[in-house]
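This one's a predicted model, so the numbers in the text were calculated from it and none came from an experiment. Worth knowing before you read on, the calculation uses all heavy atoms, side chains too, and leaves out hydrogens, waters and symmetry mates. Just follow the structure's listing: the first ligand is 1, and inside any ligand the first atom is 1.
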Amino acid sequence: MGTVVDAANKEANGSSSGKKFAVVFVLGGPGSGKGTQCANIVQQYGYTHLSAGDLLRAELNSGSENGTMIQNMIKEGKIVPSEVTVKLLQKAMEESGNDKFLIDGFPRNEENRAAFEAVTGIEPQFVLFFDCPEEEMEKRLLGRNLGREDDNIETIRKRFKVFLESSLPVVQYYENKGKVRKIDAAKPVEEVFVAVKAVFAPINVEVKGLCC
Ligand code: C5P
Ligand code: MG
């Protein structure tokens, strides 16, 4: 953090290789459909999908020195220190070969947001926010059976609390900057994607022949 390269990146909204990155943050409560919709957006608009939660799970499964800490945080629905998560995101961006990213489940709190901006200098194009009632998210999480250790009712309740207390203020921060595109995520997947496309279509060229 705080190197000359970092300072230069700040000017460039980009990577250490000098490449300019376009980033959309995808936020919403646990079970609001972020991952599902990101897969659709990737197909149609050619973004690379980076899920902060997936990157953290991969890191803990790789036997990293942070593995135990990450596992404990996930089990408790707590937010892993930004230093770890931002590094994983930065590495994934650099290695992807792409220059446009959907960053899903991040920034999860003010610390995440400030650290990402300080380290990468990247301002998001906009924030896609999946708005969904808790009862619906709870039903989806308990029904999805992905084998995740945190999809049990006790951890789900903790994740909801963290979302309300720590993540919604980040949505509000971007709302104040006019950057939030809010989607009604309680609807069926196909209907949600119609609303998502209305956000992306005006600014992105579809990737021909890949989808729909
Ligand atoms: O987004 P997802 O539901 O996959 O996140 C699972 C867990 O990963 C979160 O409950 C949290 O413990 C951790 N996480 C985090 N910081 C992020 C994203 C996820 O600590 N930015
Ligand atoms: Mg997810």
Side-chain angles (χ1 to χ4, degrees), residues 23-43 47-62 64-93 101-120 122 124 127-132 134 136-171 173-174 183 185 189 192-193 196:
V23 163
V24 173
F25 288 144
V26 182
L27 297 177
S32 60
K34 303 183 294 292
T36 304
Q37 294 298 330
C38 281
N40 288 338
I41 301 164
V42 164
Q43 279 223 310
Y47 281 79
T48 291
H49 174 209
L50 300 177
S51 154
D54 286 351
L55 288 170
L56 288 166
R57 282 183 286 273
E59 179 71 0
L60 91 83
N61 288 325
S62 76
S64 124
E65 54 175 330
N66 289 319
T68 311
M69 180 274 288
I70 295 172
Q71 187 166 29
N72 288 335
M73 299 300 264
I74 289 180
K75 218 159 47 191
E76 288 301 312
K78 291 183 181 160
I79 299 169
V80 172
S82 304
E83 196 196 342
V84 174
T85 316
V86 170
K87 225 179 257 169
L88 291 172
L89 284 169
Q90 227 183 352
K91 184 160 171 274
M93 289 169 80
F101 302 93
L102 300 168
I103 300 193
D104 152 8
F106 184 98
R108 216 50 161 234
N109 61 8
E110 171 58 21
E111 194 215 359
N112 271 184
R113 186 201 66 70
F116 185 83
E117 196 182 309
V119 171
T120 68
I122 296 173
V127 174
L128 193 63
F129 172 49
F130 290 110
D131 190 26
C132 195
E134 242 178 59
E136 175 64 22
M137 295 195 286
E138 187 178 299
K139 201 171 80 192
R140 291 179 187 174
L141 292 171
L142 291 173
R144 72 182 182 181
N145 198 12
L146 295 176
R148 274 175 54 168
E149 230 186 316
D150 57 349
D151 280 349
N152 60 77
I153 192 66
E154 198 186 324
T155 311
I156 286 169
R157 295 264 152 85
K158 289 179 183 167
R159 289 157 70 197
F160 283 158
K161 189 162 183 287
V162 169
F163 175 71
L164 287 178
E165 289 175 358
S166 303
S167 308
L168 271 183
V170 176
V171 176
Y173 170 89
Y174 286 114
I183 304 287
V189 176
V192 175
F193 191 47
V196 167

Worksheet entry | Asp151 with Arg159: basic N within carboxylate O range, under 4.0 Å |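 Salt bridge between Asp151 and Arg159, a charged N being under 4.0 Å from a carboxylate O: yes.
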For [atom], what's the nearest protein heavy-atom neighbour? Residue, atom name and distance, please.
{"atom": "atom 14 (N) of ligand 1", "answer": "Leu56 CD1, 3.4 Å"}
{"atom": "atom 8 (O) of ligand 1", "answer": "Ile74 CG1, 3.7 Å"}
{"atom": "atom 18 (C) of ligand 1", "answer": "Gly105 O, 3.2 Å"}
{"atom": "atom 20 (O) of ligand 1", "answer": "Val80 N, 2.7 Å"}

Worksheet item: Under a 4.5 Å cut-off applied to non-hydrogen side-chain atoms, are Tyr174 and Arg113 in contact?
Response: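 Yes, their side chains come closer than 4.5 Å.
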With a 4.0 Å heavy-atom cut-off (strictly under), which part of [X] contacts ligand 1: side chain, backbone, both or neither?
{"X": "Asn112", "answer": "side chain"}
{"X": "Arg148", "answer": "side chain"}
{"X": "Asp150", "answer": "side chain"}

Discussion item. Donor-acceptor pair, distance only, cut-off 3.5 Å: does the side chain of Ser32 make one with the backbone of Asp131?
Written reply: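 No, because the side chain of Ser32 does not come within donor-acceptor range (under 3.5 Å) of the backbone of Asp131.
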Worksheet item: Has the side chain of Lys34 got a donor or acceptor atom that lies under 3.5 Å from a matching backbone atom of Gly28?
Response: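 Side chain of Lys34 to backbone of Gly28: a pair is present.
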Discussion item. Within the 4.0 Å heavy-atom shell around Phe106, which atoms of ligand 1 are there?
Written reply: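 Counting atoms of ligand 1 from 1, those under 4.0 Å from Phe106 are 21 (N).
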Discussion item. With heavy-atom distances below 4.0 Å as the criterion, list the atoms of ligand 1 near Ile79.
Written reply: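 The list of qualifying atoms is 16 (N), 20 (O).
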Worksheet item: Which class fits the ring pair Phe129 and Phe163: parallel under 30°, tilted 30 to 60°, perpendicular over 60°?
Response: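 Rings of Phe129 and Phe163: parallel, under 30°.
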Worksheet entry | Under 3.5 Å: N/O of Lys78 near N/O of ligand 1 |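 Yes.
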Worksheet entry | Of the listed options Arg108, Glu76, Lys158, Arg159, closest to atom 9 (C) of ligand 1 (non-hydrogen atoms) |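 Nearest heavy atom to atom 9 (C) of ligand 1 lies in Arg108.
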Discussion item. I want to confirm something. Looking only at heavy atoms, which of Glu111, Glu149, Lys34, Arg57 is nearest to atom 4 (O) of ligand 1?
Written reply: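 Among Glu111, Glu149, Lys34, Arg57, the closest heavy atom to atom 4 (O) of ligand 1 comes from Arg57.
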Practice prompt. Check step by step if side chain to side chain contact (heavy atoms under 4.5 Å, CB included) holds for Phe101 and Leu89.
Written response: CA-CA 10 Å; Phe101 302 93; Leu89 284 169; over 6 Å; no
Worksheet item: Between Glu76 and Thr155, which heavy-atom pair has the shortest distance, and what is it?
Response: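 Of all heavy-atom pairs spanning Glu76 and Thr155, the closest is C-CG2, 4.3 Å.
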Discussion item. Using the side chain to side chain contact (heavy atoms under 4.5 Å, CB included) criterion, which residues pair with Leu60? Sequence neighbours excluded.
Written reply: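 By the side chain to side chain contact (heavy atoms under 4.5 Å, CB included) rule, Leu60 matches Ile70, Gln71, Ile74.
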